[in-house]
Colleague: 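Let me give you the structure first, and then I'll get to my questions.
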Number of protein chains: 2
Amino acid sequence: MAIRPQRTERRTDALSKERIVGAAIEILDTDGEKALTFRALAAHLETGSGAIYWHVANKDELLAAAADGVIARVLTAIPEEAGPRESIRAVASGAFDAIDAHPWVGTQLTREPWQSAIVQIFEAVGRPLRALGVPEGAQFDAASALVSYLLGLAGQYAAGARLLPRETDRSAFLATVAERWTQLDAARYPFVRRVATQLRDHDDREQFLAGVDLILDGIAAVR
Amino acid sequence: MAIRPQRTERRTDALSKERIVGAAIEILDTDGEKALTFRALAAHLETGSGAIYWHVANKDELLAAAADGVIARVLTAIPEEAGPRESIRAVASGAFDAIDAHPWVGTQLTREPWQSAIVQIFEAVGRPLRALGVPEGAQFDAASALVSYLLGLAGQYAAGARLLPRETDRSAFLATVAERWTQLDAARYPFVRRVATQLRDHDDREQFLAGVDLILDGIAAVR
DNA sequence: ACCTGAACACCGTTCAAGT
DNA sequence: ACCTGAACACCGTTCAAGT
């Protein structure tokens, strides 16, 4: 209702790590992992490719910062008040949704285990373990198992997205793989053939959370 | 004791997919992932880089074939007579050892979930589930969880190896990361700080198998 | 049918030169 | 201090030309 005064548009032309990372995320989201090059990024920011190196050490740092930004946003959105088990499930499903929305995050997370995004996830998954009654000595293994599982699925999911540029949807992709599974040698691959139809019809998110529950059940069993 | 006759060295000069994959594995093992280029491979095989494309579609296929070869060898070495749980543990530790010996396998496995090596692992891990008493409807999720976990760890392990060219050993690397963890903000990272010393002192293989047991316990609990 | 190796179309990164 | 953009040192892949 109020007529806003002509804003004296603050110039944001100056390069900064934030602007660079933001532009990188934009390119990754809209055009995919392969599209992020320093040349494309420089064009997007209307600068020279060398300028980026003034603010960012190299491409690894750029990708790590981009993944860190996405994950940090997801983790801060998780309510703290929930019980420990719900809290861990919330972290896991938050991470899943982030990777679903930004498949390149899945690729990046599996590239450097010591990067900030991983440490954040490790903390968020590990902290509730004490309240869950897991003995001190078992918490490190338990948190590592959860994080490894999450990263494994993240990697597979990202690989799928890397294959499908945009056209095919995931269910068509799964149907193709399932079809291939049914044609495997019956003597060598009885199990794979048997579950091929389940591959075709399953829901990724549900299956991911089923795995988290499996691990949580295992953790509870040890306790 | 017996004096072997002068062997009439069979000429194996002709290129073939096997020879190419064998040479690729050799380069990957001795010089690391980055060293495998078509130029290096061609030099190793004393041919032109274009010749390789007559036998192999592209680099993805080459890497998949290399990983497939390593994994197939590991899986056939596993005794069938063991109980279902021991069988799954044997597959997991076999895969771990293969990735430990050839870290590039870890990278490759996480790149294409539909590749032959993954299907082999999926089969080897899924087949014993029936004998374990897991209901038909739960076997797909259980096998997927085990494979995702394995791939997650494989990726992390490979990333570590990618970082350390050759000099530093893994324990020094873990000590460095652990040291960084102890310097994190106490309010935001209480858990990570608490387990930092465990990171430094833990055994990767033991922790990996602890995770497998955790998942197997979870699977047993559901049953 | 299979091999050769120059050429093409890219990369990430560096660095002298500018402002 | 920060930016420019050509240049460097690579890649994977293609393809005309050979045998």
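Every chain is numbered from 1, with letters handed out A, B, ... down the list of sequences.
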Colleague: Tell me: CD of A:E46 to P of D:dC2, nearest whole Å?
Modeller: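 Roughly 20 Å, once rounded to whole Å.
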Colleague: How close or far is atom P of C:dG12 from atom NZ of A:K34, stated in whole angstroms?
Modeller: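 Value for this atom pair: 12 Å.
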Colleague: Paired with C:dA1 by Watson-Crick or G-U wobble geometry, both distances under 3.5 Å: which nucleotide is it?
Modeller: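 Pairing partner: D:dT19.
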Colleague: Rounded off to whole Å, could you give me the CZ-to-C1' distance for the B:R39 and C:dG5 pair?
Modeller: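 Rounded to whole Å, this separation is 10 Å.
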Colleague: Scan residues 50-65 of chain A against DNA chain D and write down, sorted by residue number, each residue with any heavy atom closer than 4.0 Å; if none is found, say none.
Modeller: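 Heavy-atom cutoff 4.0 Å gives A:G50, A:A51, A:W54, A:H55.
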Colleague: For D:dT14, give the paired nucleotide (Watson-Crick: N1-N3 plus N6-O4 or O6-N4; G-U: N1-O2 and O6-N3; both under 3.5 Å), or none.
Modeller: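 Per the H-bond distance test, C:dA6.
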Colleague: Please report the interatomic distance CD(B:Q120) to CG(B:D68), rounded to the nearest 0.5 Å.
Modeller: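 Interatomic distance, B:Q120 CD to B:D68 CG, rounded to 0.5 Å: 5.0 Å.
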Colleague: So B:L41, base contact, sugar-phosphate only, or nothing? Heavy-atom distance under 4.0 Å.
Modeller: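 It contacts nothing in the nucleic acid.
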Colleague: Test your reading of the model: is there a side-chain donor-acceptor pair from B:R39 to the backbone of B:S49, 3.5 Å cut-off?
Modeller: no
Colleague: Classify the angle between the aromatic ring planes of B:F96 and B:F208 as parallel (below 30°), tilted (30 to 60°) or perpendicular (above 60°).
Modeller: parallel
Colleague: Given B:R170 and B:D204, is the salt bridge (Lys or Arg N to Asp or Glu O under 4.0 Å) satisfied, shown in steps?
Modeller: CA-CA 10 Å; B:R170 180 140 179 103; B:D204 290 302; 2.5 Å; yes
Colleague: From C-beta outward on A:S49, which listed nucleotide comes closest to its side chain: D:dC11, C:dG5, D:dG5?
Modeller: D:dG5
Colleague: When the distance from NZ of B:K17 to P of C:dC2 is rounded to whole Å, what number comes out?
Modeller: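 B:K17 atom NZ is separated from C:dC2 atom P by 15 Å.
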Colleague: Any heavy-atom pair between the side chains of A:D213 and A:R89 that's under 4.5 Å?
Modeller: yes
Colleague: Do the rings of B:F191 and A:F122 sit parallel, tilted or perpendicular, given the 30° and 60° boundaries?
Modeller: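 Tilted, since the angle between the ring planes falls between 30° and 60°.
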